Amino acid sequence: GAGVSQTPSNKVTEKGKYVELRCDPISGHTALYWYRQSLGQGPEFLIYFQGTGAADDSGLPNDRFFAVRPEGSVSTLKIQRTERGDSAVYLCASSLREADTQYFGPGTRLTVL
Amino acid sequence: AQKVTQAQTEISVVEKEDVTLDCVYETRDTTYYLFWYKQPPSGELVFLIRRNSFDEQNEISGRYSWNFQKSTSSFNFTITASQVVDSAVYFCALTGGSYIPTFGRGTSLIVHP
């Protein structure tokens with residue numbers, strides 16, 4: 001079956017702009033996770049959803065970051081007033097339930113100039 | 001708080017050598033899950049194994065084997081007869097009661113022909 005997909009694969013933006021990153025999880029997976037990965041580091045947790053609700057958003061670095069999952073499937077990570085320090089690969093993963101194996105998408109590489 | 005330590009930043013071997021990647025973890029949870037993921041140069045994290053804290057049996061899958069020892073809080077990964085295609089960054093991860101995974105910083109494995 002289809003895996004986790006993320007769009008766009010690459011996003012280049014200017015400092016101060018707004019961006020949206022999209023994640024399409026594996027069908028039937030109720031849990032969806034967002035991570036950020038910087039060069040030479042492991043994935044860093046941002047937020048996860050169980051169904052439509054954000055179960056834990058403790059990893060979001062500040063209020064410029066926000067994510068939604070209105071119908072319990074596709075999720076969008078939104079970043080306002082982007083800064084150069086936001087440049088990273090943003091990864092999405094989904095799992096059947098919380099604590100189950102997470103399957104990752106290919107990531108979106110965000111570059112803020 | 002939970003923590004995953006992968007002390008080996010980079011390992012370089014010649015094809016057909018055996019190699020072990022170390023993973024040491026810390027958690028206060030009695031129920032937890034340990035994972036290994038592979039991240040090839042293409043960038044997508046590939047799931048390798050999931051282990052729960054009550055199952056200390058070692059596992060073998062082809063050339064891959066995992067040694068889980070609660071007494072030393074370690075979950076080490078061995079590749080037997082390494083191949084060039086094994087070159088990648090390998091991440092160890094831990095999920096406890098919060099359902100939020102903590103990843104190690106990864107070990108970059110380079111297999112030379």
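As the structure is a prediction and not an experimental result, all values here were calculated from the model. Order of the sequence lines fixes the chain letters, A, B, ..., with proteins taken first and strands second; residue numbering starts at 1 for each chain.
- Nearest heavy atom pair, residue B/Tyr64 against residue B/Tyr90, reads OH-OH, 4.2 Å.
- B/Tyr32 does not touch chain A: none of its heavy atoms, backbone or side chain, sits under 4.5 Å away.
- Nearest approach of B/Asp29 to B/Gln2, heavy atoms of both residues: OD2-OE1, 4.1 Å.
- Options B/Ile100, B/Val4, B/Val89, B/Thr95 differ in how many heavy-atom pairs under 4.5 Å they form with chain A, and the most are formed by B/Ile100.
- Closest of all the heavy-atom pairs between B/Ser65 and B/Ile60 is CB-CG1, 3.9 Å.
- Of all residues spanning residues 54-65 of chain A, those with a heavy atom less than 4.5 Å away from chain B's heavy atoms are A/Asp56, A/Ser58, arranged by number.
- Both B/Val13 and B/Leu21 are assigned to one and the same hydrophobic cluster, defined by single-linkage of ILVMFWY side chains at heavy-atom distances under 4.5 Å.
- Under the 4.5 Å side-chain heavy-atom criterion for grouping Ile, Leu, Val, Met, Phe, Trp and Tyr, A/Tyr33 is not connected to A/Leu110 through any hydrophobic cluster.
- The nearest pair of heavy atoms linking B/Val46 to B/Pro40 is CG2-CD, 4.4 Å.
- Heavy-atom proximity under 4.5 angstrom to chain B picks out A/Leu91, A/Glu98, A/Ala99, A/Asp100, A/Thr101 from residues 77-101 of chain A.
- Taken from OG1 in A/Thr52 to CG in A/Leu32, the straight-line distance is 12.0 Å, to the nearest 0.5 Å.
- Atom-to-atom distance recorded for B/Tyr25:OH and B/Phe68:CZ is 3.5 Å, nearest 0.5 angstrom.
- Heavy-atom proximity under 4.5 angstrom to chain B picks out nothing from residues 6-25 of chain A.
- The backbone N or O of B/Gln57 lies less than 3.5 Å from a partner atom in the side chain of B/Asp55, making a donor-acceptor pair.
- Remark: side-chain polar atoms of B/Asn76 are paired, donor with acceptor, to backbone N or O of B/Cys23 under 3.5 angstrom.
- For B/Ser42, no part sits under 4.5 Å from any heavy atom of chain A, backbone or side chain.
- Of the two parts of B/Arg105, the backbone and the side chain both hold a non-hydrogen atom closer than 4.5 Å to a non-hydrogen atom of chain A.
- Panel note: side chain B/Gln8, backbone B/Asp22; a donor-acceptor pair is recorded below 3.5 Å.
- In this structure, OH in B/Tyr37 is found 9.0 Å from CZ in B/Arg50, a value given to the nearest 0.5 Å.
- Of all residues spanning residues 34-48 of chain A, those with a heavy atom less than 4.5 Å away from chain B's heavy atoms are A/Tyr35, A/Gln37, A/Gly40, A/Gln41, A/Gly42, A/Pro43, A/Phe45, A/Tyr48, arranged by number.
- Note that the CD1 atom of B/Ile11 and the CG atom of B/Leu109 stand 6.5 Å from one another [nearest 0.5 Å].
- Between B/Phe75 and B/Ile49 the shortest heavy-atom distance is CZ-CG2, 3.9 Å.
- Counting non-hydrogen atoms of other residues, nucleotides and ligands closer than 6.0 Å to CD of A/Glu71 gives a total of 12 or fewer.
- Between B/Val111 and B/Asp86, the shortest heavy-atom contact is CG2-CB, 4.2 Å.
- From B/Leu34, atom CG reaches atom OG of B/Ser53 across 8.0 Å, with rounding to the nearest 0.5 Å.
- For the atom pair CH2 (B/Trp36) and CZ (B/Phe77), the distance works out to 7.0 Å, reported to the nearest 0.5 Å.
- Using a 4.5 Å cut-off between heavy atoms, B/Gln6 makes no contact with chain A at all.
- Shown here is A/Arg109, whose CZ atom has no more than 12 heavy atoms of other residues, nucleotides or ligands within 6.0 Å.
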